[in-house]
Amino acid sequence: MTKSALQIERAAYQPKLPKALRGAVKVEKGNPTESVADQDAIKALFPNTYGMPIIQFAEGEAKAFKPINVGVILSGGQAPGGHNVISGLFDGIKNLNKDSRLYGFILGPGGLVDHNYMELTSDIIDEYRNTGGFDIIGSGRTKLEAEEQFEKGYQILKQLDITALVIIGGDDSNTNACVLAEYYAAKNYGIQVIGCPKTIDGDLKNEMIETSFGFDTACKTYSEVIGNIQRDCNSARKYWHFIKLMGRSASHIALECALQVQPNVCIISEEVEKENLSLDDVVTSIAEKVAARAAEGNNFGTVLIPEGLIEFIPAMKNLISELNDFLAANAAEFALIKKSHQREYIISKLSKANSEIYASLPEGVARQLTLDRDPHGNVQVSLIETEKLLSDMVAVKLAQWKEEGKFVGKFAAQHHFFGYEGRCAAPSNFDADYCYSLGFTASVLIANGETGYMSSVRNLTAPAAEWIAGGVPITMMMNMERRHGEMKPVIQKALVKLDGAPFKFFAANREEWAIKTDYVYPGPIQYFGPSSVCDQATRTLQLEKAK
Ligand code: FBP
């Protein structure tokens, strides 16, 4: 395999571990825990894995461990650092006993069900240390929920003498991990299941999980490119750039990028929902900024749009929710309707209010809303061109204002969607260290016989040596939500908190950023050089922790 100069240098990077993981480890257990909501329902569904204590590791005395065979799955969307979780896990189980073995299931949870696997030896692991991507074994979005899938998984685990499985994924995938842990515990199969918090979206977080891995690198990658666009737009002074950023539900990515680059406008979906704004309100607020800048002779700017926006506009949310239930219940009939008749068909089936909203949407967006849901029942918001929808509507509004004499400038838009550009970037030092620590932590949880836990590494704005490693019961993060028309136990998504420090900082500065051209150009991620440039956590984490 030909490698770039950076890849060659980067392969030699030794990720930093928390002090407690550098030698023998002692396990400290806290009090019993409760789920974040719907306690009775979650307790009834997870009788074997509910209420377990939080675990923290400290320096301890050396012990001998038998060799263990462990399986690993990469699940869901790619996020920088996944390979380091696997290398941390590999080094961790070899550290317990050099004869331990690691198996990777190919292309996500489907690999477990279909018995598609490979052994991950040290030669393979060494090729992937500190690299981006999930290509070592691939990823997938198969939802593990049927008993038949669990049993098929058990067959191959038993055959390979695997006694622990690590699922590296986001909220949906860790929900899978929890369901599987419960099932294997209930059956007494002797298989532990441990989760690791992955997602560039940053929405798998709570007190014990300060951030999901990949968020740091992805946001730094997008911020570099947005910074470049801002310099271009401040040079040419003729375009408004509408930039949609990934983040299926929460606006953490858009907010973090806004904190890094200081754009003219950044929409935060959670605020749109709270203020009960309509699509027209959002469009008007952008058009007002365009008009205000034009009045000062500045016919250029940047607008950051979170990918999930459409689902947070209350009227659109109702529409999507009815569409989800309708399409789940009538999938076969809908599949038979000709493409050219689908719009009319949907209009005729929805309730009056939703049917009117649906009918008012541009053709393309209406079609995008009926595309297949992902296996977890989510609308694939990455396929909805919100950046174009908003800029088209802003253009119409400004044309109207021009006639009324309220807009004196010119408006020309460029569109961008940043998502895939960052999901497989080479992990920043932060993600390289954090991921390696998460994987290593998973090995220690396994060594201590735990199941139904998520690997947790905290105190992340301190130097890595002071990070706190341990485990948090996955049931603690769960609540009941409607999916595919049914109530299901799922990990509660962490949305942007409007009373949290990152949003407050943004809100306090956004009016100034809107009118002034006060752009910040963060530049590319640096892997070598002063710690102030190479090892900084995200602005979100820094603001959240600066209490
Ligand atoms: P995960 O939640 O699985 O980490 O995926 C996040 C994400 O990158 C979202 O930001 C985006 O909406 C989605 O994946 C796109 O996934 P796909 O390419 O599978 O449609």
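Hydrogens, waters and symmetry mates are skipped; everything else that's a heavy atom, side chains included, is used. Whatever order the structure lists ligands and atoms in, that order sets their numbers, starting from 1.
Around atom 10 (O) of ligand 1, the closest heavy atom drawn from Asp171, Asp201, Asp172 belongs to Asp201. When Arg423, Met246, Lys198, Gln78 are checked for heavy-atom proximity to atom 1 (P) of ligand 1, Lys198 turns out nearest.
In this structure Phe90 satisfies the ring pair (Phe, Tyr, Trp, His ring centres under 6.0 Å) test with no other residue, sequence neighbours excluded. Remark: Gln526 engages Pro524, Val533, Cys534 in a side-chain contact (heavy atoms from CB on, under 4.5 Å) (not counting sequence neighbours).
Within the structure, ligand 1 lacks Gly419 among the residues with a heavy atom less than 4.0 angstrom away. Look at Gly170 and you'll find every heavy atom at least 4.0 Å from all atoms of ligand 1.
Atoms of ligand 1 lying under 4.0 Å from any heavy atom of Gly76, numbered from 1 in the order shown and given with element: 3 (O). Residue-ligand proximity, Gly247 to ligand 1, at heavy-atom distances under 4.0 Å covers atoms 10 (O). Listed by number with element, the atoms of ligand 1 under 4.0 Å from a non-hydrogen atom of Tyr420 are 15 (C), 17 (P), 18 (O), 20 (O).
Considering Gln230, Gln262, His241 in turn, Gln230 is the only one that fulfils the side chain to side chain donor-acceptor pair (under 3.5 Å) rule with Thr302.
Between Glu307 and ligand 1, at least one N/O pair is under 3.5 Å apart. Remark: ligand 1 and Ile200 share no N or O pair separated by less than 3.5 Å (distance only, no angle test).
Glu544 has a carboxylate O that lies under 4.0 Å from a charged side-chain N of Lys205, or vice versa, which qualifies the two as a salt bridge. Between Asp91 and Arg129 a salt bridge is recorded (basic side-chain N to carboxylate O distance below 4.0 Å).
Side-chain N/O atoms of Asn176 and Ser173 include no donor and acceptor closer than 3.5 Å. A donor-acceptor contact under 3.5 angstrom links the side chains of Gln260 and Ser223, judged on distance only.
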